[in-house]
**Student:** 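Sharing a structure here in structure tokens format.
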Amino acid sequence: MQIALMDQCAHHGTEGWAHQSVYELVAAHGRWFTPSADLPTGIRAMPERECFANAAAVERDNPHLAYTEGFAVAPGSPVGVAHGWCTDSEGQVIDPTWSDLGGSAYLGIVLPPDTRPHRHRTWGVLESPKTLFPLLRNGLTSGR
């Protein structure tokens with residue numbers, strides 16, 4: 001639905017870019033991930049509203065996990081929101097921010113290591129023009 005809306009609002013400023021919007025980027029390169037019931041041993045719940053920094057910190061402490069961004073839907077909500085979490089090699093979601101909510105749907109991209117956020121970042125890679133625009137312009141060619 002978001003992609004169709006963006007197509008209706010299209011302008012020529014992004015003509016020639018690989019993707020016209022973050023929604024198109026995630027639809028093209030993202031995948032659905034399976035929510036896990038509980039956090040694995042050794043990973044603790046972290047503060048809400050800091051999902052990008054939380055997921056980056058969990059990945060740094062657990063190199064077998066992958067930092068992932070995209071859209072998540074909380075149980076009982078019809079609306080997906082920009083969100084960051086980690087995933088394991090089987091596609092299970094490790095979400096230190098929504099651990100008590102247990103997100104019901106996750107669609108996202110395992111971002112390449114050189115694009116991942118640093119410790120205190122409050123915005124996601126897919127939200128900040130500085131990091132999003134190069135991905136929209138050039139596309140996404142590598143991953144973990």
Side-chain angles (χ1 to χ4, degrees), residues 1-36 39-40 43-144:
M1 190 165 63
Q2 291 291 343
I3 294 170
L5 180 61
M6 292 301 295
D7 286 344
Q8 290 178 9
C9 299
H11 59 86
H12 300 292
T14 57
E15 200 168 301
W17 285 21
H19 304 284
Q20 303 301 305
S21 70
V22 66
Y23 306 107
E24 188 179 301
L25 174 73
V26 172
H29 297 284
R31 61 173 275 215
W32 291 100
F33 292 93
T34 306
S36 79
L39 288 175
I43 298 177
R44 61 179 171 71
M46 299 173 86
E48 286 190 32
R49 301 182 193 265
E50 297 179 22
C51 63
F52 306 112
N54 293 345
V58 167
E59 182 198 38
R60 264 191 311 282
D61 294 342
N62 300 274
H64 65 285
L65 298 177
Y67 178 84
T68 309
E69 271 189 36
F71 301 97
V73 180
S77 172
V79 180
V81 296
H83 194 57
W85 63 92
C86 289
T87 52
D88 66 17
S89 61
E90 280 114 43
Q92 287 283 321
V93 172
I94 312 303
D95 188 345
T97 308
W98 283 4
S99 60
D100 60 336
L101 296 176
S104 60
Y106 292 82
L107 174 64
I109 300 170
V110 174
L111 292 170
D114 62 330
T115 65
R116 295 176 186 161
H118 301 290
R119 184 172 306 266
H120 298 292
R121 185 175 196 141
T122 56
W123 295 101
V125 171
L126 301 180
E127 289 188 310
S128 170
K130 182 179 178 181
T131 52
L132 173 61
F133 288 177
L135 294 174
L136 294 178
R137 191 178 305 112
N138 305 320
L140 185 62
T141 56
S142 63
R144 189 176 198 183

**Student:** Donor-acceptor pair, distance only, cut-off 3.5 Å: does the side chain of T115 make one with the backbone of P112?
**Tutor:** yes
**Student:** Tell me if a side-chain donor or acceptor on E127 pairs with a main-chain N or O of A82 at a distance below 3.5 Å.
**Tutor:** no
**Student:** Give, for atom CG of L65 and atom CD of E59, the distance between the pair rounded to the nearest 0.5 Å.
**Tutor:** 7.5 Å
**Student:** May I ask you to test the I43-D61 pair for a side-chain heavy-atom distance under 4.5 Å?
**Tutor:** no
**Student:** Rounded to the nearest 0.5 Å, how far does OG1 of T87 lie from CD1 of I94?
**Tutor:** 8.0 Å
**Student:** For C86, does its backbone N or O pair with a side-chain atom of D95 as donor and acceptor, under 3.5 Å?
**Tutor:** no
**Student:** Within the structure provided, determine whether R137 and H19 are in side-chain contact (heavy-atom separation under 4.5 Å).
**Tutor:** no
**Student:** Of all the heavy-atom pairs spanning N54 and P47, show the shortest one and how long it is.
**Tutor:** ND2-O, 2.7 Å
**Student:** D88 vs V93, test: side-chain contact (heavy atoms from CB on, under 4.5 Å). Steps then yes/no.
**Tutor:** CA-CA 7 Å; D88 66 17; V93 172; over 6 Å; no
**Student:** Run through W98, F52, F33 and flag the one making a ring pair (Phe, Tyr, Trp, His ring centres under 6.0 Å) with H83.
**Tutor:** W98
**Student:** Can you check whether W85 and Y67 have ring centres sitting under 6.0 Å from each other?
**Tutor:** no
**Student:** I'd like to know if the side chain of T34 reaches the main chain of Q92, judged simply by a donor and an acceptor atom lying under 3.5 Å from each other, with no hydrogens or angles considered.
**Tutor:** no
**Student:** Are I109 and V26 side-chain neighbours, meaning at least one heavy-atom pair lies under 4.5 Å?
**Tutor:** yes
**Student:** Output yes when a side-chain donor or acceptor of E69 lies under 3.5 Å from a complementary backbone atom of G84, and no otherwise.
**Tutor:** no
**Student:** Is a donor on one side and an acceptor on the other found under 3.5 Å between the side chain of T131 and the backbone of P129?
**Tutor:** no
**Student:** Applying side-chain contact (heavy atoms from CB on, under 4.5 Å) to L126 and L25, what does each step give before you reach the verdict?
**Tutor:** CA-CA 9 Å; L126 301 180; L25 174 73; 3.7 Å; yes
